[in-house]
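Worksheet for the structure shown next.
Please read all numbers here as calculations on a predicted model, not as lab measurements. Hydrogens, waters and symmetry mates are skipped; everything else that's a heavy atom, side chains included, is used. We count ligands from 1, going down the list as the structure has it; atoms in each ligand are counted the same way.
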Amino acid sequence: MAKDTWIGDVLAGNYNGKEVELMGWIHRSRGSNKIRFIVLRDSTGNVQCVVKRDTIGDEAFEAMKTALIESSVIIRGTVQSTDREHGYEIQVTSCEIVGGVNPERPFPITESAMAEADGGETEFLLDNRHLYLRTGRMTTMLKMRSTVFGAVHSYFRDLDFVEYQAPNFVAGAVEGGSTLFEVPYFGRKAYLTQSWQLYAEAAMPALERLYTMAPSFRAEKSRTRRHLTEFWHAEMEMAWASNADIMEHGEGVVRHIARTLLDEREEELTEVGRDLDLVAQYADNPYPRMRYDEAVETLQGMGVDVEWGQDLDYSKEKVLTADFEVPHFLTHYPRIAKPFYHRPDPEDPKYVLCHDLLAPEGYGEIIGGGERTWSEKEILERIDEEGTPRDAYEFYIDIRRYGGVPHGGFGMGVDRVVTWLTGADHIRETIPFPRDSRRVTP
Ligand code: 4AD
Ligand code: MG
């Protein structure tokens with residue numbers, strides 16, 4: 001029963017005057033005992049179908065009349081142009097219900113249920129996430145998300161980066177112990193990976209240019225607009241590269257994503273109320289570079305309480321980026337603010353050769369990356385300085401023992417990029433089943 005006609009194509013006028021067979025779900029239904037107006041939904045759009053008792057017969061008409069919202073149906077009929085809403089409707093000649101809905105358990109997501117929900121609308125929709133996915137807002141978001149994923153792949157593949165997979169069970173931290181998820185592992189302790197990076201560095205001398213897109217895990221205790229405990233991480237690693245070389249790719253991939261969204265998802269961006277000119281600005285204009293010290297001075301000038309040496313948290317990035325017109329790179333963070341793998345600046349080892357890319361409009365960090373400490377001597381110093389036991393990192397140190405080279409990379413929070421480019425309020429709007437400290441269901 002392969003489906004070959006899509007509502008989106010009907011709405012585009014490709015079938016005017018023709019007979020079609022449409023498969024989909026009942027989105028709305030109203031009318032009388034003689035005529036029903038059924039709005040049919042599929043993954044590509046909604047179309048009104050006019051069902052007349054006289055045309056389809058009593059039995060089929062009764063079935064359609066009593067069919068509840070979200071019943072799945074097959075509808076056959078003639079496409080007719082109208083001057084209403086979408087321009088086309090279907091004059092139904094026959095129809096059948098495929099999967100009905102039990103009247104004792106009607107589709108739970110309704111305006112009144114949302115208004116009356118004990119825990120509020122947001123929690124209600126999260127509890128019903130598996131059903132909420134099929135609503136217009138989520139469907140649109142998931143399509144834009146898919147485009148962002150596609151753009152990351154095409155950016156790196158077009159430049160001959162090799163896609164490479166790292167393990168998700170690991171023995172040590174990359175981004176500090178406080179957000180490690182511990183899992184029992186056959187009588188030992190293992191952790192869920194926070195980043196692909198250390199294992200990517202192992203393959204750097206083999207592949208030289210590599211990337212991935214995979215989940216990373218962080219035990220973020222507080223629930224914020226931009227933190228998930230399971231997020232999608234696009235990461236790249238490159239041999240023979242400096243901090244500046246890596247930033248060029250960070251800028252390159254983000255601008256490519258913005259451009260691809262405009263090319264492929266203009267309709268969806270408009271649907272969620274995104275200003276297309278802003279997205280075009282992010283695609284077309286270069287991203288300035290700014291040193292951490294300058295950012296701290298700017299913040300202090302704005303009256304924000306920030307001390308040199310702190311990593312900038314969301315509250316500070318929000319203020320800093322509120323008036324940015326495009327994303328900005330912040331470079332040269334203090335060594336004490338960043339993990340051991342960052343390479344100290346040979347010109348002033350108080351700083352490391354790193355960068356964060358901060359998105360404008362108050363969104364803040366979307367990328368973290370930089371040059372890696374690549375000599376054996378330096379990496380041992382950095383690991384000891386952090387007070388981390390060396391055992392879990394022996395493999396990592398080995399990479400430096402056999403022909404170390406300058407190299408670097410970055411990690412980009414894909415869900416954060418989707419949040420920012422679509423103008424969403426909260427990161428959980430952008431992922432099908434958001435995970436945070438309070439929720440692992442559904
Ligand atoms: O800045 P982070 O911690 O850097 C790393 O993990 C490096 N090892 C990456 C690398 O160089 N290969 O994380 C990178 C990005 C952040 O800028 C942010 O966009 C995203 O990952 N991120 C999160 N996104 C959603 N929820 C969370 N809890 C996130 N933690 C980090
Ligand atoms: Mg970071």
Original post:
Can an N or O of Arg372 be found at a distance shorter than 3.5 Å from an N or O of ligand 1?
Top reply: yes
**OP:** Indicate yes or no: does Arg41 engage Glu70 in a salt bridge with an N to O separation below 4.0 Å.
**Re:** yes
Original post:
Would you call Asp415 a ligand 1 contact, heavy-atom distance under 4.0 Å?
Top reply: no
**OP:** Output all residues satisfying salt bridge (charged side-chain N to carboxylate O under 4.0 Å, His left out) with Lys221, sequence neighbours left out; order by chain, then residue number.
**Re:** none
Original post:
So is Arg390 actually on top of Tyr396's ring, under 6.0 Å and inside 45° of the axis?
Top reply: no
Subject >> N, O or S atoms of the protein lying under 2.8 Å from the Mg ion (ligand 2) >> reply: Glu365 OE2
Original post:
Is the shortest side-chain N to carboxylate O distance from Glu123 to Arg439 below 4.0 Å?
Top reply: yes
**OP:** Determine, for Arg289 against Glu251, whether the closest basic-nitrogen to carboxylate-oxygen distance falls under 4.0 angstrom.
**Re:** yes
Original post:
Any salt bridge between Asp311 and Lys338, counting N to O under 4.0 Å?
Top reply: yes
**OP:** Between Arg226 and ligand 1, find which residue part has any heavy-atom pair under 4.0 Å and reply side chain, backbone, both or neither.
**Re:** backbone
Original post:
At a non-hydrogen distance cut-off of under 4.0 Å, which region of Trp196 contacts ligand 1 (side chain, backbone, both, or neither)?
Top reply: neither
Original post:
Looking only at heavy atoms, is any part of Phe410 under 4.0 Å from ligand 1, and if so is it the side chain, the backbone, or both, or is it neither?
Top reply: backbone
Original post:
Which protein heavy atom lies closest to atom 12 (N) of ligand 1, and at what distance to 0.1 Å?
Top reply: Glu235 OE1, 2.8 Å
Original post:
Does Lys143 come within less than 4.0 Å of Glu264, counting only side-chain N to carboxylate O?
Top reply: no
**OP:** For atom 13 (O) of ligand 1, state which one of Arg218, Gln194, His227 supplies the nearest heavy atom.
**Re:** Arg218
Original post:
Ile366 heavy atoms, cut-off 4.0 Å: which ligand 1 atoms fall inside?
Top reply: 17 (O), 19 (O)
Original post:
Counting heavy atoms not belonging to Trp308, are there more than 12 under 6.0 Å from its CH2?
Top reply: yes
**OP:** Under the salt bridge (charged side-chain N to carboxylate O under 4.0 Å, His left out) rule, collect the residues that match up with Arg416, sequence neighbours excluded.
**Re:** none
**OP:** Using a strict 4.0 Å cut-off to heavy atoms of Gly368, name the atoms of ligand 1 that fall inside it.
**Re:** 1 (O), 9 (C), 10 (C), 11 (O), 17 (O)
Original post:
Is Arg226 paired with Glu317 through a side-chain N to carboxylate O contact shorter than 4.0 Å?
Top reply: yes
Subject >> Protein heavy atom at shortest distance from atom 5 (C) of ligand 1 >> reply: Glu175 OE2, 3.0 Å
Subject >> Ile367: numbered ligand 1 atoms lying under 4.0 Å from its heavy atoms >> reply: 17 (O)
Original post:
Do Gly413 and ligand 1 have an N or O pair less than 3.5 Å apart?
Top reply: yes
Subject >> Geometric N/O contact Leu228 with ligand 1, under 3.5 angstrom >> reply: yes
**OP:** Please report which non-hydrogen protein atom sits nearest to atom 18 (C) of ligand 1, along with the residue it belongs to and the distance in Å to one decimal place.
**Re:** Arg416 NH1, 3.4 Å
Original post:
Nearest protein heavy atom to atom 21 (O) of ligand 1, by residue and atom, and its distance?
Top reply: Phe231 CE1, 3.4 Å
Subject >> Ring center gap for Tyr185 and Tyr191 short of 6.0 angstrom >> reply: no
Original post:
Can you tell me which residue and heavy atom of the protein come closest to atom 17 (O) of ligand 1, and the distance to 0.1 Å?
Top reply: Glu365 OE2, 2.6 Å
Original post:
Between Met412 and ligand 1, is there a nitrogen or oxygen pair with a distance under 3.5 Å?
Top reply: no
Subject >> Between His342 and Tyr333, ring centroids under 6.0 Å >> reply: no
Original post:
Listed by chain and number, what are the salt bridge (charged side-chain N to carboxylate O under 4.0 Å, His left out) partners of Glu385, not counting sequence neighbours?
Top reply: Arg335, Arg382
Original post:
Which residue and non-hydrogen atom of the protein lie closest to atom 15 (C) of ligand 1, and at what distance in Å?
Top reply: Gly411 O, 3.5 Å
Subject >> Aromatic contact, His249 with Phe161 (centres under 6.0 Å) >> reply: yes
**OP:** Determine, using ring centers only, whether His332 and Tyr292 are less than 6.0 Å apart.
**Re:** no
